[in-house]
Amino acid sequence: MEFQEVVRRRRMVRAFRPDPVPGDVVDLLLDNATHAPSAGFTQGWAFLVLTKPADRARFWDAAWPPDERDGSRREEVMSAPLIVVCYSSKRRYLERYAEPDKGWTDRDESRWPAPFWDIDAGFAALLMLLTAVDRGLGGLFFGLQHHRRVASAFGVPDDHRAIGALAIGYPAPDEPSPSLRRGRRPVAEVAHFDRW
Ligand SMILES: Cc1cc2nc3c(=O)[nH]c(=O)nc-3n(C[C@H](O)[C@H](O)[C@H](O)COP(=O)(O)O)c2cc1C
């Protein structure tokens, strides 16, 4: 698929056909994720990859406990045959930037103009979403309110924080997000040429 088509076709998909994501596509998604840019080439990301039905059920029980579900179409997202939870490790960045070429040996977090660890994991997640579209699949990136429950269910180390998760699979008809009614902000509103 042409790059421009991938970008324009990408939208968050919230319902999926039951067909599994082929193993080579899972591998490609993860390999492309590791080609994301990262500050100091720290690559402080990590991914919890869930393909087996029992593991996905465990994930959903932790991430979205049954007593918090409402029986709405939003639950269709649980049909995704692949879940990739995206993690960032701040510790890796503090360690990397304490190396001689960076020199932030005090590991003072106030030096950081933005949380590069989360930015980089987000770049990796976007590459996975785009790769999914390129391969005829779709995905949803969503935040994890219960990230601690997910961490304890899957033995995630304390120094890794979930920036969100991807639900990926072959798209089924779904309901567009009500958020889309806001409309896309035009370039003229968001881009400030020459000065703000
Ligand atoms: C950081 C982040 C968190 C999001 N969390 C959710 C979520 O919890 N549930 C959901 O349905 N969509 C979630 N979305 C998807 C947005 O609603 C969606 O990207 C936006 O409405 C624009 O739609 P589009 O991506 O289909 O173009 C999230 C997107 C981002 C970038």
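Note that ligands are numbered from 1 as they come in the structure, with each ligand's atoms numbered from 1 the same way.
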Give a yes or no on whether a salt bridge exists between [X] and [Y], defined as a side-chain N under 4.0 angstrom from a carboxylate O.
X	Y	result
R111	D106	yes
D24	R135	no
E75	R69	no

Report yes or no: does R74 have a heavy atom closer than 4.0 Å to ligand 1?
->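 Contact check R74 vs ligand 1: negative.
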
Should G143 be listed as contacting ligand 1, given a heavy-atom distance under 4.0 Å as the test?
->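 Contact check G143 vs ligand 1: positive.
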
For [atom], find the nearest protein heavy atom and state the residue, atom name and distance (0.1 Å precision).
atom	answer
atom 9 (N) of ligand 1	F142 CB, 4.0 Å
atom 26 (O) of ligand 1	M12 N, 2.8 Å
atom 16 (C) of ligand 1	R14 NH2, 3.9 Å
atom 30 (C) of ligand 1	F141 CD2, 3.9 Å

Which bit of L180 gets closer than 4.0 Å to ligand 1, counting heavy atoms only: side chain, backbone, both or neither?
-> side chain

May I ask you to check whether L140 has an N/O atom sitting below 3.5 Å from an N/O atom of ligand 1?
-> no

What about S179: any of its N or O atoms under 3.5 Å from an N or O on ligand 1?
-> no

Right, does atom 20 (C) of ligand 1 have protein non-hydrogen atoms nearer than 4.0 Å?
->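 Protein heavy atoms within 4.0 Å of atom 20 (C) of ligand 1 - there are none.
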
Can you say whether the rings of F142 and W60 are parallel (under 30°), tilted (30 to 60°) or perpendicular (over 60°)?
->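 Rings of F142 and W60: parallel, under 30°.
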
Take the angle between the ring planes of H192 and W196 and call it parallel below 30°, perpendicular above 60°, tilted in between.
->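 H192 and W196: parallel rings.
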
Indicate the atoms forming the closest heavy-atom contact of G138 with V13, along with that distance.
-> CA-CG2, 3.9 Å

For the pair Y97 and T42, evaluate side-chain contact (heavy atoms from CB on, under 4.5 Å) and give the outcome as yes or no after the intermediate values.
-> CA-CA 9 Å; Y97 274 66; T42 306; 4.1 Å; yes

Atom indices of ligand 1 within 4.0 angstrom of R10 heavy atoms, with elements | 24 (P), 25 (O), 27 (O)

Using a strict cut-off of 4.0 Å, indicate which atoms of ligand 1 neighbour a heavy atom of R11.
->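 Close to R11: 26 (O).
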
Scan residues 118-127 for pairs that pass side-chain hydrogen bond (donor to acceptor under 3.5 Å, both in side chains), counting only residues two or more places apart or in two chains.
->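 For residues 118-127: S88-D118, Y93-D120, D118-R161.
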
